[in-house]
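So that the names make sense, note that chain A is the first sequence line, chain B the second, and so on, each numbered from 1. Treat the numbers as computed from the prediction; the structure is a model and nothing was measured.
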Number of protein chains: 2
Amino acid sequence: MPTPAAAIATRAYAPLPPSGKWKDDADTHRPVSILSTLGAVVGYDRNAEIYGEDASAEHVYVVLSGAVRICKLLGDGRRQIEAFCLPGDVFGWEASGRHRFSAESVCDTKVVRIKRSMLFARASDDAELSHALWSLTVAELHRAQNHLLVLGRKNAQERVATFLVDIAARSGASTDEVLLPMSRQDIADYLGLTIETVSRTLTHLEERGAIALPSSRRVVLRDRNALRQLNS
Amino acid sequence: MPTPAAAIATRAYAPLPPSGKWKDDADTHRPVSILSTLGAVVGYDRNAEIYGEDASAEHVYVVLSGAVRICKLLGDGRRQIEAFCLPGDVFGWEASGRHRFSAESVCDTKVVRIKRSMLFARASDDAELSHALWSLTVAELHRAQNHLLVLGRKNAQERVATFLVDIAARSGASTDEVLLPMSRQDIADYLGLTIETVSRTLTHLEERGAIALPSSRRVVLRDRNALRQLNS
DNA sequence: CGGCGTTTTGATGTATATCAATGCCAGTGG
DNA sequence: CCACTGGCATTGATATACATCAAAACGCCG
């Protein structure tokens with residue numbers, strides 16, 4: 001199951017030379033609008049490090065456009081992506097003063113960067129803000145808990161199907177076509193699989209007629225019922 | 001990987017006839033003391049349901065003694081335990097008004113049950129309480145995120161070792177002997193393994209000299225370095 | 001067109017699941 | 001006090017989903 005030894009060498013996890021590509025969206029859809037006004041917009045190229053594991057936690061971030069992966073490395077190079085953050089998502093919460101994961105842009109990405117100290121200062125006499133912070137954190141907890149179920153008890157097909165449905169819902173696409181900002185390796189590390197298994201599973205879902213793959217980063221959800229069935 | 005079809009029939013997940021057994025501890029160790037004063041103590045027998053999936057969320061709970069499992073069932077009977085809550089832990093947070101998991105006592109258990117409405121009312125003009133709620137939620141998020149790494153990228157030995165070290169640390173035992181309140185099935189459903197694999201892995205760790213098993217519920221951590229090594 | 005990073009496909013291996021006994025207590029009743 | 005029972009836990013034999021290793025194929029950019 002694990003990826004052994006020299007994995008770091010062959011799998012380029014470290015932020016790569018950027019070569020941007022992805023669409024802007026530029027507007028938040030969710031009740032994080034309160035936050036978005038409290039910080040400055042920052043842009044990142046593809047595969048840039050936003051912060052590293054153990055970095056001191058100075059800011060909280062709201063995604064405006066693009067996508068961010070939150071991840072953790074094991075000593076031997078195995079990587080787990082805890083979450084993908086899409087426009088409207090918030091990341092960077094920490095109880096201690098240090099980040100326990102790293103955050104990297106998946107593609108060209110814009111975020112609002114908010115000083116934690118400022119945020120907490122305001123929250124201490126703004127009950128509404130304070131409640132907003134809490135409920136955003138709860139939302140993230142819920143996402144993590146759902147993902148636990150996926151990683152603990154679902155097989156490859158179910159994992160991929162769940163992933164596709166989730167991304168489709170969150171990217172708020174009105175059509176059935178989803179654009180995946182992340183690579184197969186990212187998906188694999190998110191779903192606790194290997195890149196080969198992700199690829200094979202996608203082609204298998206295509207053969208079953210559940211999806212279509214006009215290109216590797218574009219997925220059409222053909223049979224949502226079939227996919228939903230793989231969700232529980 | 002998945003447990004198919006008739007699993008529900010053979011694996012008795014539904015709350016069983018109680019037949020209590022486990023030690024009291026009766027005092028909170030953690031900075032939840034603020035909360036403990038805000039609700040009433042409630043006791044549960046072994047394997048009692050504290051709340052079910054989709055139940056409306058009226059309360060938040062603090063564990064005083066015993067242990068609680070937070071879990072979710074898949075349609076076909078596969079179960080994932082999201083967390084074990086030990087004395088001092090808080091559970092029952094929800095953003096919506098419904099519980100998204102069920103909570104069951106693992107053994108005889110005492111909790112403080114606090115009305116959510118009351119808690120939030122107070123929090124809205126008590127910045128300290130409000131911050132406490134938030135940081136408890138963040139702590140739980142962190143726990144879930146750590147667990148994601150375990151489920152996504154660790155093998156059976158690493159999972160079990162991580163589990164033992166974690167439980168030992170959290171149960172605050174001064175010695176190297178840990179008393180496990182939960183069954184092998186519970187451990188398996190927490191670690192995303194089967195009961196057989198958990199059992200085999202434990203005996204394997206014993207053969208390696210990393211642990212000793214004087215009885216099935218008692219584990220002695222003999223070689224913490226070996227165990228820690230399996231942690232990263 | 002040529003090269004490089006990524007994805008797909010194929011052949012094989014292995015960790016863990018599954019199926020099936022057997023063993024171990026703790027509690028119960030004769 | 002001892003046989004009997006019913007939950008758990010352990011152990012063994014076998015199956016399988018996914019990982020691993022290796023090689024094409026694709027797509028993009030220079």
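The CD atom of A:Glu140 sits 8.0 Å away from atom CH2 of A:Trp93, with the distance rounded to the nearest 0.5 Å.
Here A:Leu193 lies in heavy-atom contact (under 4.0 Å) with sugar-phosphate atoms only. Using a 4.0 Å heavy-atom cutoff across all strands shown, A:Ser215 reaches no nucleic acid atom at all.
What separates CE of A:Met182 from P of C:dT7 is a distance of 12 Å, to the nearest Å. Rounded to whole Å, atom P of C:dC24 lies 15 Å from atom CG of B:Leu213. When the P atom of C:dA17 is taken as reference, atom CZ of A:Arg153 falls 7 Å away, rounded to whole Å. Rounded to an integer number of Å, the gap from B:Lys154 NZ to D:dA19 P is 18 Å. Whole-Å rounding puts the A:Glu206 CD to C:dT8 C1' distance at 11 Å. Taking atom CG on B:Asn155 and atom P on C:dA17, their separation rounds to 11 Å, with Å as the unit. At whole-Å resolution of the value, CZ in A:Arg184 and C1' in D:dC26 are 12 Å apart. Between the P atom of D:dA9 and the CG atom of B:Leu202 lies a distance of 10 Å, rounded to the nearest Å.
In this structure, A:Gln229 places its CD atom where only 12 or fewer heavy-atom neighbours from other residues, nucleotides or ligands lie under 6.0 Å away. No more than 12 heavy atoms of other residues, nucleotides or ligands sit less than 6.0 Å from atom CZ of A:Arg222.
For A:Arg184, there are no side-chain hydrogen bond (donor to acceptor under 3.5 Å, both in side chains) partners, not counting sequence neighbours. In this structure B:Asp166 satisfies the side-chain hydrogen bond (donor to acceptor under 3.5 Å, both in side chains) test together with B:Arg170, sequence neighbours excluded.
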For this session: Would you mind building the protein contact string for nucleotides 11-16 of chain D? One character per nucleotide, 5' to 3', B for base within reach (heavy atoms under 4.0 Å), S for sugar-phosphate only, - for untouched.
Result: BBB---

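Ring geometry, A:Phe101 versus B:His142: the interplanar angle falls from 30° to 60°, so the pair is classed tilted.
No option in B:Asp186, B:Asn47, B:Val68 other than B:Asp186 meets the side chain to side chain contact (heavy atoms under 4.5 Å, CB included) test with B:Val106.
Not one side-chain nitrogen or oxygen of A:Arg217 sits closer than 4.0 Å to the OP1 or OP2 atom of D:dG27.
Of the candidate nucleotides C:dA17, D:dA19, C:dT6, C:dT6 has the atom lying nearest to any side-chain atom of A:Arg46.
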